[in-house]
2 protein chains.
Amino acid sequence: MDNRERILETALELFYARGYDAVGVQEIAEKSGVTKPTLYYYFKSKYGLLEELLRSRGEPFLEALHQACVYRGDLKDTLCAAARTVADFAWKEPKFSILFVAQYYSARESEVYQAVRPLVVRLQKEIEGVFDAAADDLGNMHGRQRQFSLGFIGLVILYLIMKHETEETEGIAVSEQEIEALVHQFMHGIYS
Amino acid sequence: MDNRERILETALELFYARGYDAVGVQEIAEKSGVTKPTLYYYFKSKYGLLEELLRSRGEPFLEALHQACVYRGDLKDTLCAAARTVADFAWKEPKFSILFVAQYYSARESEVYQAVRPLVVRLQKEIEGVFDAAADDLGNMHGRQRQFSLGFIGLVILYLIMKHETEETEGIAVSEQEIEALVHQFMHGIYS
DNA sequence: CTCATTGTATACCGAACGGTATAAACTGTC
DNA sequence: GACAGTTTATACCGTTCGGTATACAATGAG
């Protein structure tokens, strides 16, 4: 692993554990086994490092989610596929996932929230797209697609956090049945 | 309003908007119309200010929640009462509520999380107590009270955030029907 | 009037912050 | 072996951070 990647990995570790603001550039560099100028050679600023971290880790996820969110004629199936993608990613990248959630819920005017903004927007667009495409199934949603997608995202996130809190293991494993139960619960709430 | 209260109010405002770490003591003092030594006269440190903010605002809420969580023979009723209490508080203290959520999901080793820890623990204890008391209704929960309570708390929080995102208004108003629908959805998921 | 307590302001501290100027090693190419 | 581009280290910058020593008003009690 080269220095650039090592810096990103260290930053993820530290941001995950203590948060962006509480971690100094100095410490990231030291724990990566490099000096500050090396860090600034690869990333133009501390904020740039965060952006690149979110971008590089988030891109594969959003790519996979985009595939999963192609509407295949059934809302439940599509939502299951989306949830499946999220769960898989959370299993592979637990620390990044938790970091993402923390920043998702952070203060709106903070740097950290500004940094996740692009990911959040794309994530919401994907899910909203599913509800738009499912208009025939669901009937008139009275423009509540946004509300539904926010709720769905929140529910999936909540489930992952719960898992992360409860499980002894490091990763977050979610079975197919759990995914289906989650989506079923969500849809039942919507239909009623 | 005296200086002490004004400092707390200003801190809440700023922490809510930009987060604890990103806000300096200097700014809190200036925006409160006092100088730094005055702030340190009332609170022994920046962290102490945060603790006092959480304590003073959180205490009334936990007190009300404790009343609501007295088991009255029916799980649904009790959960509705608890959700009602949360919703009422979120209506009265929207900024504090959002700040609480942000810190609830923040990095586990961060100062902010350490500071909300006491509130989180008491909140969870209250809800867990409901599920414990409802063992007769629910049957054997196989020690999943903790998981249920985490899920319930998360769901209520999620609902509030969703409201806060969606509504144009500042406060978060939740009708009785919405509360009941939320609890019903949660319990349906549990029973199935 | 005196005196202790509460409350506020001026001015300052050392440390840590994010960030950089400069230059020396490396690396592969010709 | 000279050269260009990449990568790293030393040493430093100005600023802001959380926090404080000191002194001066205000206040009410005796």
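Reminder, nothing fancy here: chain letters follow the sequence lines and each chain counts from 1. Please read these numbers as outputs of a predicted model, since none were measured by experiment.
The CG-C1' distance, from B/L39 to C/dT10, rounds to 17 Å in whole Å. Rounded to a whole Å, the CD1 atom of B/I28 is 13 Å from the C1' atom of D/dG19. As a whole-Å value, the separation of B/E30 CD from C/dT10 P is 12 Å. Counting to the nearest Å, the C1' atom of D/dT20 and the CZ atom of B/F43 are 18 Å from each other. Between the CG atom of A/L50 and the C1' atom of C/dG18 there is a distance of 15 Å, rounded to whole Å. If you measure from atom CD of A/E51 to atom C1' of C/dG18, you get 16 Å, rounded to the nearest angstrom.
A search for side chain to side chain donor-acceptor pair (under 3.5 Å) contacts involving B/N3 returns B/R6, not counting sequence neighbours. Shown here are the side chain to side chain donor-acceptor pair (under 3.5 Å) partners of B/S32, two or more places apart in sequence or in another chain: B/T10. Legend: residues meeting salt bridge (charged side-chain N to carboxylate O under 4.0 Å, His left out) with B/E126, ordered by chain and number and at least two apart, are absent. Shown here are the side chain to side chain donor-acceptor pair (under 3.5 Å) partners of B/D74, two or more places apart in sequence or in another chain: there are none. Shown here are the ring pair (Phe, Tyr, Trp, His ring centres under 6.0 Å) partners of B/Y42, two or more places apart in sequence or in another chain: there are none. Partners of B/K76 under the salt bridge (charged side-chain N to carboxylate O under 4.0 Å, His left out) rule, at least two apart in sequence or in another chain, are B/E180. Annotation: salt bridge (charged side-chain N to carboxylate O under 4.0 Å, His left out) contacts of A/K31 (sequence neighbours excluded): A/E27.
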Using a cutoff of under 3.5 Å, can you pull out all pairs of nitrogen or oxygen atoms linking the protein to nucleotides 6-9 of chain C, with atom names and distances?
from	atom 1	to	atom 2	distance (Å)
C/dG7	OP2	B/Y41	OH	2.9
C/dT8	OP1	B/N3	ND2	2.3
C/dT8	OP2	B/N3	ND2	3.2
C/dT8	OP2	B/Y42	OH	2.9
C/dA9	OP2	B/T35	N	3.3
C/dA9	OP2	B/T35	OG1	3.2

Name the pairs: protein N/O against N/O of nucleotides 13-17 of chain D, kept only if under 3.5 Å.
none

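OP1 and OP2 of D/dT20 both lie 4.0 Å or more from every side-chain N or O belonging to B/Y40.
Contact between A/A107 and B/A17 at its shortest, heavy atoms only, is CB-O, 3.2 Å.
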